[in-house]
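Quick notes on the structure that follows.
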Number of protein chains: 2
Amino acid sequence: MAVTRRTKQREAILEVLKNTDCHPTANWIYERVKEDMPHISLGTVYRDLKMLARRGEILEIDFTSNPSRYDCNTGSHYHFRCLKCDRIFDVDEKVNTEIDRQVSRNTGFNVLYHCLEFHGVCLECQKKDSLIYKDSKN
Amino acid sequence: MAVTRRTKQREAILEVLKNTDCHPTANWIYERVKEDMPHISLGTVYRDLKMLARRGEILEIDFTSNPSRYDCNTGSHYHFRCLKCDRIFDVDEKVNTEIDRQVSRNTGFNVLYHCLEFHGVCLECQKKDSLIYKDSKN
DNA sequence: CTATTTGCAAACGCTTTGCCTGATT
DNA sequence: AATCAGGCAAAGCGTTTGCAAATAG
């Protein structure tokens with residue numbers, strides 16, 4: 001009954017995720033892991049990310065648009081997406097739990113949590129004010 | 001140069017969207033329009049929705065996961081997604097623009113706007129506490 | 001040894017696109 | 001008449017899945 005084994009592949013995927021600060025896509029992780037492990041398959045990366053997310057070890061950022069991003073910071077927090085380079089950063093802003101109760105009161109819905117994503121232009125893209133990152137898929 | 005024509009199809013799509021309060025998917029709109037217009041194609045629905053969104057007549061809700069949802073309320077506002085029936089509702093909560101400035105100050109990012117989505121259980125699903133809507137795709 | 005996990009490739013769901021015909025101005 | 005929009009079907013992308021072989025415990 002579902003004993004979870006520790007495999008090189010899974011460790012490698014976690015390792016890459018832990019060493020990235022702007023939350024990557026499955027494909028980006030795959031490309032990285034492949035450098036050390038040429039035979040790993042994209043399917044495995046997807047499967048392992050899903051499993052790790054189910055086990056609560058990582059977070060699947062189910063926000064604006066495809067593809068999914070992954071985050072090893074599992075605490076409740078907000079994100080910022082740069083509209084130029086499309087990278088996602090953590091935002092160190094206090095999570096407002098009061099607003100959930102407020103919306104519950106006003107609507108009658110049972111609000112459990114909320115997702116908040118800020119959009120704009122990141123520091124690097126403000127400086128090098130152009131399109132440098134436009135093809136980066138991380 | 002790109003003169004936009006008024007067509008039956010586009011009118012019908014807009015009409016369906018205006019008469020729905022929980023923001024539907026392209027496919028749901030397609031099924032509805034097809035009742036009156038059996039030969040309309042799904043591709044047309046996608047094309048028209050994209051065009052209407054580009055023109056600012058409707059909103060493509062670029063939030064949690066696929067498929068995309070559409071909204072004819074183009075003003076800035078928040079959404080609530082029911083985790084049971086998967087429908088999306090407008091939330092009549094004041095949009096907090098101050099928080100964007102605050103995050104800008106703290107991070108240096110140029111924050112332009114934010115997206116906020118509340119998740120929980122809607123009124124109907126609280127009452128009929130089961131899975132009635134689980135296959136509805138609107 | 002046996003259940004879990006992998007690699008691979010095929011299938012998936014949603015969306016976009018190319019091409020040609022039909023409609024609108 | 002000229003151009004824009006539609007229908008259809010094929011292709012696209014990110015993701016999931018079936019299966020036989022490999023591997024962790």
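Just so you know, these numbers come straight off a predicted model, no measurement behind them. In what follows, every chain begins at residue 1, and chains take the letters A, B, ... in the order their sequences are listed.
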Per nearest nucleotide of DNA chain C, the residue lying toward the 5' end, B/A26 or A/S41, is A/S41
Does OP1 or OP2 of D/dG6 have a side-chain N or O of B/R10 closer than 4.0 Å? yes
Whether A/K50 contacts D/dT15 is assessed here as follows: a side-chain N or O lying under 4.0 Å from the phosphate OP1 or OP2. Is that the case?
no
When rounded to whole Å, the CD to C1' distance for the pair B/E11 and C/dA23 reads 14 Å
When rounded to whole Å, the CG to P distance for the pair B/L14 and D/dA5 reads 14 Å
Verify the contact: side-chain N or O of B/Q9 to OP1 or OP2 of D/dG7, cut-off strictly under 4.0 Å; return yes or no.
yes
B/D48 atom CG is separated from C/dT24 atom C1', nearest whole Å, by 14 Å
From NE2 of A/H39 across to P of D/dA21 the rounded distance in Å is 18 Å
Quick check: is B/M37 connected to B/I29 through a chain of hydrophobic side chains (ILVMFWY, heavy atoms under 4.5 Å apart)?
yes
(Q) When you measure only distances, ignoring hydrogens and angles, does the side chain of A/R69 come within 3.5 Å of the base of D/dG14 through a donor and an acceptor? (A) no
Rounded to whole Å, the CG-P distance (B/D86 to C/dG13) equals 16 Å
Rounded to whole Å, the CD1-C1' distance (A/I61 to D/dT15) equals 17 Å
May I ask you to evaluate whether B/K8 reaches the phosphate of C/dA23, defined as a side-chain N or O under 4.0 Å from OP1 or OP2?
no
A/R47 CZ to C/dA9 P, in whole Å, measures 14 Å
Rounded to whole Å, the CG-P distance (A/N27 to D/dG12) equals 17 Å
Practice item. Return no unless some side-chain N or O of B/T7 is found under 4.0 Å from OP1 or OP2 of D/dC4. Key: no
Looking only at D/dA5, C/dC14, C/dC8, the nucleotide nearest the B/P67 side chain is C/dC14
Testing C/dT15, D/dT15, D/dC8 for proximity to the side chain of A/L42, the answer is D/dT15
field: Whether over 12 other heavy atoms sit under 6.0 Å from A/R6 CZ
entry: no
message: Is a donor from one side chain sitting under 3.5 angstrom from an acceptor on the other, for B/N19 and B/E15?
response: yes
Walking DNA chain D from its 5' end, the first of A/R6 and B/I40 to be reached, judged by nearest nucleotide, is B/I40
Phosphate-side-chain proximity, B/S68 and C/dC14, N/O vs OP1/OP2 below 4.0 Å: no
Margin query: Please verify the inter-ring angle class for A/F80 with B/F109; under 30° counts as parallel, over 60° as perpendicular, anything in between as tilted.
Written below: parallel
Mind checking whether B/F118 and B/L123 sit in one hydrophobic cluster, side chains of I, L, V, M, F, W, Y counted as touching below 4.5 Å?
yes
Ranking B/Y46 and B/R5 by the position along DNA chain C of their nearest nucleotide, the one closer to 5' is B/Y46
